[in-house]
Amino acid sequence: PLQQHIGAAARHLVTVGERVKKGQLLAASQGALSAPVHAPTSGRVVALGDHPAPHPSGLPLATLIIEADGDDAWIDCAAPADPFALSPEQVAERVGAAGIVGLGGAAFPSAVKLNLSRDSAVRTLIMNGGECEPYLTCDVRLMRERASEVVEGIRLIRHATGAREVLVGIEDNKPEAIAAMTAAAAGTEVRVVAVPAMYPMGSEKQMIQVLTGLEVPAGGRAADIGMLVHNVGTAHAVRQALCLGRPLVSRIVTVSGGAVLAPGNLDVPIGALAADLIRASGGLTGEVARLVLGGPMMGTQLSRLDVPIVKGSSGVLALTRGEVEARSPGPCIRCSSCVRACPMGLLPLEMAARIRAGDPAGAVDWGLKDCIACGACSYVCPSHIPLVHFFNHAKGDLAARERLKMKNEATRKLAEERSERLARIAREREEAARQRAAKKAAADAAKKAAAEAAKAIKQEEDRKSVV
């Protein structure tokens with residue numbers, strides 16, 4: 001897909017029938033907030049068009065399709081002799097060229113984040129290893145098996161940001177990952193910290209609060225309090241780009257759920273179909289009640305498996321009916337279970353009441369924009385009200401209203417500019433007509449004066465001749 005990151009979709013550079021190698025640039029970034037896309041394997045481009053997106057709607061998305069040749073042949077990758085000798089600006093430039101985005105799920109272009117952190121004078125770099133959603137273990141396996149590479153990537157991110165302090169937060173129920181990362185970080189400026197295994201510890205704001213005691217202000221960003229948060233998977237991708245010269249073309253993905261025969265973690269090329277991951281994990285054991293891309297709490301429900309893995313895909317889950325336990329929602333009994341469960345200290349029942357009454361703007365007054373859509377409120381609700389779905393719908397509705405408002409404002413501005421332009425043209429025409437009339441009057445006056453002068457001269461000559 002050409003759109004697998006926050007920001008503008010990438011602009012394709014290849015044509016149908018063209019042969020490509022692994023790591024070759026397929027689509028360039030557009031604008032300040034975008035990310036390029038590279039070939040995940042070698043082969044031939046067989047199509048450029050719409051394909052179902054990894055989204056609940058399944059709507060089509062502009063997509064390049066490559067027929068793999070089986071060679072998996074890389075392009076020539078050039079890497080600097082010493083990545084730490086690069087300037088912070090050069091590091092960010094290479095990270096951007098490698099198409100690296102946040103692999104924790106947000107998919108925000110990492111180079112933009114690095115540049116903003118320097119402008120914001122970030123003091124503390126926090127690496128998020130708090131993989132707290134059930135089923136998902138891709139970050140844990142990465143830290144256990146490639147800890148030295150992750151730490152090197154963390155140090156490169158610190159070099160690019162100028163942060164004075166580096167903390168790696170890992171949940172305390174992952175002792176093997178903590179031990180591996182601690183050993184790899186020995187003798188460096190990187191400090192590994194065990195944090196409580198409590199959902200949603202993988203959220204940026206919760207990780208910051210537990211590690212530093214500071215709280216991101218409502219409606220604010222981590223940079224507002226001198227913090228920068230990156231995922232450990234992103235750090236590994238940065239290391240690949242800076243030390244090996246390789247762009248982001250693959251990632252670790254968890255394939256799990258009660259309906260999967262052999263759950264595990266796979267190193268997956270970006271663009272591989274979810275169906276292929278299921279097949280590589282032994283297939284399905286029986287009836288699937290729900291397909292999820294990502295985690296069960298914050299992931300995206302899928303209606304089909306012929307959708308591609310994108311850079312922000314952390315897992316593919318095939319859940320059984322017993323795992324889903326779908327029940328019909330009942331009325332809110334005002335028990336406040338959702339209030340106690342909310343990690344952001346919000347009042348989900350009040351926000352939901354206003355959304356159900358058709359007042360999403362009223363829900364904003366109760367903190368809707370600070371909701372991280374973790375799903376904790378929905379999970380504990382005894383009435384099984386899909387609260388997080390209400391909140392996501394309201395956010396989408398408000399975003400649509402904002403886009404409509406901006407569109408109307410742009411239309412109004414264009415109309416005003418057109419009216420002003422037409423008025424200016426009319427004034428210019430009137431002025432030109434006035435000037436032409438004045439010139440004509442002046443010319444007529446001059447002509448009349450000349451005629452009168454000629455007449456006077458003739459009369460004088462006639463008088464003289466008579467005399």
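Note that the coordinates shown come from a computational prediction; the quantities given were computed from them, not determined experimentally.
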Output for pair (Leu346 CG, Cys371 SG), nearest 0.5 Å, gives 6.5 Å

Look up atom CG in Leu136 and atom CD1 in Ile252, then write down how far apart they are to the nearest 0.5 Å.
-> 13.0 Å

Nearest heavy-atom contact between Thr188 and Ala184 is CG2-O, 4.5 Å

Indicate yes or no: at least one non-hydrogen side-chain atom of Leu273 is less than 4.5 angstrom from one of Leu305.
-> no

Derivation and outcome, side chain to side chain contact (heavy atoms under 4.5 Å, CB included), residues Val229 and Met207 | CA-CA 9 Å; Val229 182; Met207 184 64 75; 5.6 Å; no

Report the distance from atom CG of Leu266 to atom CZ of Arg141, rounding to the nearest 0.5 Å.
-> 12.0 Å

Contact summary for Val380 and Ser337, nearest pair of heavy atoms = CG2-O, 3.7 Å

With a cut-off of 6.0 Å (strictly less than), are more than 12 heavy atoms of other residues, nucleotides or ligands near CZ of Arg44?
-> yes

Flag for Asn265-Thr137: side-chain donor and acceptor within less than 3.5 Å = yes

Sidechain N-carboxylate O distance under 4.0 Å for Glu165, Arg123 | no

Exercise: identify the closest heavy-atom pair between Val112 and Ala32 = CG2-O, 3.5 Å

Any donor-acceptor N/O pair, Glu131 side chain to Val140 backbone, under 3.5 Å | yes

Check: Lys113 side chain, Leu228 main-chain N or O, donor-acceptor pair, under 3.5 Å | no

Donor-acceptor contact present, side-chain Gln209 to main-chain Gln206, <3.5 Å | no

Could you tell me whether Glu189 and Arg158 make a salt bridge, using a distance below 4.0 angstrom between a side-chain N and a carboxylate O?
-> yes

Salt bridge present between Glu409 and Lys413 (N-O < 4.0 angstrom) | no

Side chain to side chain, Met227 and Leu214, heavy atoms closer than 4.5 Å = yes

Cationic N near anionic O, under 4.0 Å, Arg146 to Asp267 | yes

Taking His38 for the side chain and Ala97 for the main chain, is one N or O donor matched with an acceptor at less than 3.5 Å?
-> yes

Ile126 to Thr212 - nearest heavy-atom pair and separation | CD1-CG2, 4.1 Å

Shortest non-hydrogen contact between Arg251 and Lys311, atoms and distance | NH1-O, 2.9 Å

Measure the shortest side-chain to side-chain distance between Leu261 and Ile278 over non-hydrogen atoms and say whether it is less than 4.5 angstrom.
-> no

Around His384, counting heavy atoms of other residues, nucleotides and ligands shown, do more than 12 lie under 6.0 Å from its NE2?
-> yes

Give the C-alpha distance, both sets of side-chain angles, the deciding distance and a yes or no for side chain to side chain contact (heavy atoms under 4.5 Å, CB included) between Leu142 and Glu145.
-> CA-CA 5 Å; Leu142 185 64; Glu145 299 179 19; over 6 Å; no

So, Glu152 and Arg155, do they make that salt bridge, N to O below 4.0 Å?
-> no

Backbone N/O of Cys374 and side chain of Tyr199: donor-acceptor pair under 3.5 Å | yes

Looking only at non-hydrogen atoms, find the nearest pair between Gly294 and Ser314 and report the distance.
-> CA-OG, 3.8 Å

Taking the side chain as every heavy atom from C-beta outward, state whether Leu242 and Leu86 have any pair of such atoms under 4.5 Å apart.
-> yes

Kindly say whether Val122 contributes a backbone atom to a donor-acceptor pair with the side chain of Ser117 at under 3.5 angstrom?
-> no

Under 3.5 Å, is there a donor-acceptor pair between the side chain of Asp224 and the main chain of Arg221?
-> yes

State, yes or no, whether a side-chain contact exists between Pro1 and His51 at a heavy-atom distance under 4.5 Å.
-> no

With a 3.5 Å cut-off and no angle check, do the side chains of Asp69 and Ser42 form a donor-acceptor pair?
-> yes

Got a salt bridge between Asp76 and Lys21, using NZ or NE/NH1/NH2 to carboxylate O under 4.0 Å?
-> no

So how far is it from Cys338 SG to Leu387 CG, rounded to the nearest 0.5 Å?
-> 6.0 Å

Heavy-atom side-chain contact between Leu317 and Leu291 under 4.5 Å = no

Look at the side chain of Glu350 and the backbone N and O of Leu347, then say whether any donor-acceptor pair between them is shorter than 3.5 Å.
-> no

Could you grab the distance from atom OG1 of Thr41 to atom CD of Gln24, nearest 0.5 Å is fine?
-> 12.0 Å

Stepwise side chain to side chain contact (heavy atoms under 4.5 Å, CB included) test for Leu114 and Ile157 | CA-CA 8 Å; Leu114 294 178; Ile157 294 176; 3.9 Å; yes

Could you go step by step and tell me if Ile154 and Met181 meet the side chain to side chain contact (heavy atoms under 4.5 Å, CB included) rule?
-> CA-CA 11 Å; Ile154 294 172; Met181 288 292 290; 4.1 Å; yes

Return yes when atom NE2 of His159 has more than 12 non-hydrogen atoms of other residues, nucleotides or ligands closer than 6.0 Å, and no otherwise.
-> yes

Could you give the distance from CG (Asp139) to CD (Glu133), rounded to the nearest 0.5 Å?
-> 11.5 Å

For Gln3 and Ala9, indicate whether the former's side chain and the latter's backbone hold a donor-acceptor pair under 3.5 Å.
-> yes

Short side-chain to backbone donor-acceptor contact, Ser120 and Leu116, under 3.5 Å | yes

How about Phe108 and Val101: do any of their side-chain heavy atoms sit closer than 4.5 Å?
-> no

If we only count heavy atoms from C-beta on, is the Phe390 to Arg354 side-chain gap below 4.5 Å?
-> no

